[in-house]
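All remarks here apply to the structure that follows.
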Amino acid sequence: MGFDQFVADRLDRLLRYATAITCDKHLAQDIVQNVLMRAQSKWERIGAMDAPYLYVKRMVTNDYLSWRHRKAAREIAVERAELARHVPSMADPADAHVEREAMRARIAVLPRKQRAALVLRFYEDCGDAEIAQVLGCTESTVRSQLSRALQTLRAHELARSTTLGVHS
Amino acid sequence: MNDLIRQAIAAEAEERADAGTVLAGLRERRKSRKPFGLIVGVATLTVAAAAAAVIVPTTLRKTDAAPAGPPPAGPQNVLLIGTDDHDNTDALVLARFGGDGSVSAVSLPRDIQVGDGKLNSLFRQDPRRLTAEVERLTSVRVDHYAAVRMAEFGRISELVGGVDVCLHAATEDPLTGASFPAGRQTLSGEHALAFLRQRMGLHQGDLDRVRRHQAFLIGLAARISKDNALALAAEVGKSVRVDEGWDVLAFAQRFQGPVEIRTATLPVGDPVDTTSGQGLSADPAQARQFVEKQFGGEGSTQTGCVA
């Protein structure tokens, strides 16, 4: 597959993926652009692979997880945490939209790697092995990242329904 | 809860930037710049100077045109600029060449913020703008500059019979397909380029890469001899550009023996947003102090093993 064809086919999906793991569309756009520039110069190799998309996704993920974006990620997390604090008090538990936004805010404050694992599982529908490939870690690390993420989200969910239960 | 997670992530992903806009931006950047992230101009340039150092006295002696005992010159500050094929700056080194042939070099990260842009775009606009900004940042007078295309590097390392470097641990670069074992090794050609280019798989990214460049530079300088100097000077000379009015031959006479280079990297602050993407902040007062110390004789002449 040629580079231009790859971009035409996959750009939107890559942007969605990058936005989901970064929780910031501007950062996501920067990362995807930079990665595609780099990918282009190596396209002879990447294009000949069995799964170019997987490889490019890995580049995007690595770039986000690298030290360069640590600060940006922290700022986004702080911002989202602030938002998340206000959501439960306004929440009507029957409102699916509010529920979803609350979950979004909680996902946004997870550690970066946990969130990446979560997105790969629940958005990209990857198995443990594929996630391990993208994250560059072992499958058992993938499982522990996922279970820690789910544990955190579940704890919040419990606390929230309890609070809402008491007040209603 | 899993469904809720799916919905939440999908909602987040939905916020993505418009693909058409990104595509247009990508085309624009493809036109304006090749993604050649090699940051090694440093080495080539110093090698150029060092090669000239070895070769010029030899040539002069041969032709009997050597001026009798040229006066030992004072230190000169030279800005060494490594560029890609479009004159974007990929590497920037401020070096003081002592009268005795010693060299103190400070790597300046190319993403340092100046005005509302970054250092790396100034050379293409006007070399004088770049030297002026460097002077403002470091309070060091830039006597001359020399610029070189970094793509020359593979051949240069071959000409000297390879460059010795040492790695703490084995690494692999999925992008270039290069893989290096741990420990001492001699690199040349494509392997040398891959070593200098690798950023993926290095924990500190660009910072590790700058250290690699310094290690490479020191290894390269150690390989220069009278035997390879002629070929080296010819090779490097093809792509080096210097400011008008710099008598490079006179300059090169300060080098009499093997060149010893001390290297260091200018400390930078937090990332800041600029009109051309994320830049790095640098405090002029700190920069001045750091460069002063380095030029005063601090800094390392060997980097040992690198990541």
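All values derive from a computational prediction rather than experimental measurement.
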Closest non-hydrogen atoms of B:I9 and A:A20, given as atom of the first, atom of the second and distance, are CG2-CB, 3.8 Å
Between B:A19 and A:L15, the two heavy atoms sitting closest are CA-CD1, 3.7 Å
The interface call for A:I107 against chain B, heavy-atom contacts under 4.5 Å, is side chain
Applying ring-ring contact (aromatic ring centres under 6.0 Å, His included) to B:F290 and not counting sequence neighbours gives none
Okay, A:I21 and chain B: the region with an atom under 4.5 Å from a heavy atom over there is neither
B:E14 and A:R16 have their tightest heavy-atom pair at OE1-NH1, 2.9 Å
So, the part of A:L14 with a heavy atom under 4.5 Å from chain B: the answer is neither
* Begin from the C-alpha positions of A:L150 and B:M1 and carry the test side-chain contact (heavy atoms from CB on, under 4.5 Å) through to its verdict. => CA-CA 9 Å; A:L150 290 173; B:M1 190 178 71; 4.2 Å; yes
State plainly whether the residues A:R104 and B:E12 are in salt-bridge range, i.e. N to O under 4.0 Å.
-> yes
Task: Heavy-atom side-chain proximity of A:D125 to B:R6 below 4.5 angstrom - done: yes
message = Could you check whether atom CD of B:Q289 has more than 12 heavy atoms from other residues, nucleotides or ligands sitting under 6.0 Å from it?
response = no
SB check A:D4 B:R27 (cutoff 4.0 Å): no
Rounded to the nearest 0.5 angstrom, the NE2-CD distance for A:H26 and B:E15 is 10.0 Å
All heavy atoms of A:Q33 vs all of B:L26, minimum pair found to be O-CD1, 3.7 Å
- prompt: Counting only heavy atoms not in B:E190, do more than 12 fall under 6.0 Å of its CD?
  reply: no
Of the listed B:L4, B:L23, B:D18, B:T21, the one with the largest count of heavy-atom pairs under 4.5 Å with chain A is B:L4
Paired with B:I5, the side chain to side chain contact (heavy atoms under 4.5 Å, CB included) test is passed by just one of A:R121, A:R106, A:M103, namely A:M103
Sorted by chain and number, sequence neighbours left out, side-chain contact (heavy atoms from CB on, under 4.5 Å) with B:Q113 holds for B:V272, B:T274
